[in-house]
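None of the values given here were measured: they were computed from a predicted structure. Each ligand, and each atom within it, is numbered from 1 in the order the structure gives.
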Amino acid sequence: MLVVKKFGGTSVADKERIFNVANRCIEDYKKGHDVVVVLSAMGKYTDELISMAQDINPRPPKREMDMLFTIGEQMSVALMAMAMNQLGVSAVSLNAFQVTMRTTSAYGNARLKRIDTERIRTELECRKIVIVTGFQGINKYDDYTTLGRGGSDTTAVALAAALRADSCEIYTDVDGVYTADPRLVPSARKLKEITYDEMLDLSTLGAGVLHNRSVEMAKKYGVPLVVRSSLNNRPGTLVKEDAKVERMLVSGVALDRNADRVAIIGLKDEPGIAFKVFDCLAKKNINVDVILQSIGRDGTKDISFTVDDGNIEETVETLEENRGRLSFERIESETRIAKLSIVGAGMISHPGVAAKMFETLYNENININMISTSEIRVTVLIKDSDADRAINAVHDAFGLAE
Ligand code: ADP
Ligand code: ASP
Ligand code: MG
């Protein structure tokens, strides 16, 4: 049996936790399993690297950021191998170069393309525990890339798929996937199971417990995931194709506090304008989310949309560069908008779910700025200062509380 076990930053934050993880992995190893471990950087080390970089250059080149980021994961894998060796088990740490994990070239937001499994297999055959750096890859220029914040989950799932692992376990600092972030919503309930689709929406909409691409990849390759705590032995949450839970209308509520909003005012009201706007952003690899287009008046219209945290400056710059082609009056932008979403496969067949969410917010006297929906989710943009109250009220209104 081959198991891939991924541990996040808090789980390897200090010497005691590193030994705790080492022992958990050795337990599996001693059962005769092949064990591949994926690690994140220790504690908040990636955030510290960002502060260090920004202190030197407020807008550091993305290539150099990735070069810097990779040391975080390299440090934790090397220390983990040392801990396992100290405990009498032979282990080897490998980075993205040594494994050869190829990605697309986009620094800071690369996608995994191909993983060579040969080196890992050779090490496993020598009965070593193999510890691999999460989050990093290499592109066609042989430069380091990273997979986006939280990307170690994706490394783990990709390795599990490439190695045809029997299980992929994501260990973190909470007991599993909850109906909402348990740190924000004290009454949140742990889910026994959740479908890939629901989890994908939750993670894309702000539930940081899993990197959204890890869920996308798990679905694509049919890798069942289990999310559980590195600090206890409770069972955790299974993420799979068909979840056999009592079908709730809404399975979870997610909050993203870092959305930024851009409004382009006074665009020409003619065919092709939306295409031109989003095409120039796509060419810069800028992800756009909730989009709202106003009804045209006096030959002009407005388009507003949200972009992920950290992309606002590049978005506004790109639009300004294309001012000639797009022809608009002005751009307005706003940062730190809260994006609150409810997700649930049960919504498809039940009208009135969105109305209930809006009513709940109305009862709390919370104003909605923008709305977007799909078959299995409803998203609203609200003021950040309303976010805590809103997520708790909506969570409770749908009967999710424990
Ligand atoms: P790791 O370092 O292990 O990858 P993360 O901080 O990336 O850990 O993810 C775990 C965190 O995700 C939890 O501490 C929790 O605050 C947050 N979280 C957000 N939404 C949820 C949710 N629906 N269920 C569980 N945890 C959630
Ligand atoms: N260390 C990286 C981050 O903090 C990757 C990860 O933790 O998954 O985003
Ligand atoms: Mg994470």
Side-chain angles (χ1 to χ4, degrees), residues 5-13 17 21 38-51 65-66 68-77 96 108-110 112 132-137 144-158 169-192 194 198-215 225-231 234 236-237 239 250-258 309-310 339-344 387 391 394-395 400 402:
K5 299 166 98 70
K6 181 261 169 179
F7 296 86
T10 351
S11 306
V12 292
R17 300 244 170 120
V21 168
V38 175
L39 299 183
S40 296
M42 293 168 70
K44 299 246 170 278
Y45 197 68
T46 305
D47 293 323
E48 284 168 36
L49 292 174
I50 294 177
S51 315
M65 271 322 287
D66 282 356
L68 184 66
F69 276 147
T70 48
I71 66 169
E73 271 66 18
Q74 246 155 258
M75 177 160 111
S76 53
V77 294
N109 191 25
L112 279 166
V132 181
T133 48
F135 185 44
Q136 57 178 255
Y144 275 119
T145 53
T146 58
L147 309 180
R149 296 303 307 272
S152 298
D153 300 328
T154 302
T155 310
V157 175
E169 301 156 10
I170 309 287
Y171 290 86
T172 182
D173 55 6
V174 284
D175 288 357
V177 179
Y178 282 69
T179 48
D181 186 343
R183 295 183 204 285
L184 291 177
V185 180
S187 63
R189 198 161 41 84
K190 191 176 85 186
L191 299 164
K192 279 205 185 74
I194 186 166
E198 287 169 307
M199 190 64 235
L200 183 58
D201 269 349
L202 280 179
S203 55
T204 304
L205 295 164
V209 62
L210 281 178
H211 190 231
N212 64 344
R213 290 215 188 116
S214 71
V215 186
L225 296 182
V226 51
V227 180
R228 52 189 299 200
S229 167
S230 62
L231 300 167
R234 293 188 199 120
T237 304
V239 188
V250 169
S251 50
V253 185
L255 178 65
D256 176 356
R257 307 195 93 122
N258 290 315
D309 184 29
K339 203 162 80 178
L340 177 70
S341 310
I342 52 174
V343 170
I391 188 171
V394 169
H395 182 265
L400 296 174
E402 196 135 40

Minimum heavy-atom distance Tyr171-Lys5, with the two atoms named:
OH-NZ, 3.1 Å

Is a salt bridge present between Arg183 and Asp173, judged by a nitrogen-to-oxygen distance below 4.0 Å?
yes

Would you find a donor on one side and an acceptor on the other, under 3.5 Å apart, between the side chain of Gln136 and the backbone of Thr146?
no

Is there a side-chain contact between Val132 and Val77 (heavy atoms, below 4.5 Å)?
no

Heavy-atom cut-off of under 4.0 Å around ligand 1: list whichever protein residues fall inside it, by chain and number.
Lys6, Gly8, Gly9, Tyr171, Thr172, Asp173, Val174, Gly176, Val177, Tyr178, Ala180, Asp181, Pro182, Arg183, Ala207, Gly208, Val209

For ligand 2, what are the residues with a heavy-atom contact below 4.0 Å?
Ser40, Ala41, Thr46, Glu73, Phe135, Arg149, Gly150, Gly151, Ser152

Give the minimum heavy-atom separation between His395 and Val253, together with the two atoms involved.
CA-CG2, 4.0 Å

Of the non-hydrogen atoms in Ser76 and Met42, which two are nearest, and what is the gap between them?
CB-CG, 4.0 Å

Would you sort out whether Asp175 and Arg234 count as a salt bridge (Lys or Arg N to Asp or Glu O under 4.0 Å), showing the intermediate values?
CA-CA 7 Å; Asp175 288 357; Arg234 293 188 199 120; 2.6 Å; yes

Whether Glu73 side chain and Ala41 backbone form a donor-acceptor pair below 3.5 Å:
yes

State which residue, out of His211, Arg213, Lys6, fulfils the side-chain hydrogen bond (donor to acceptor under 3.5 Å, both in side chains) condition with Thr154.
His211

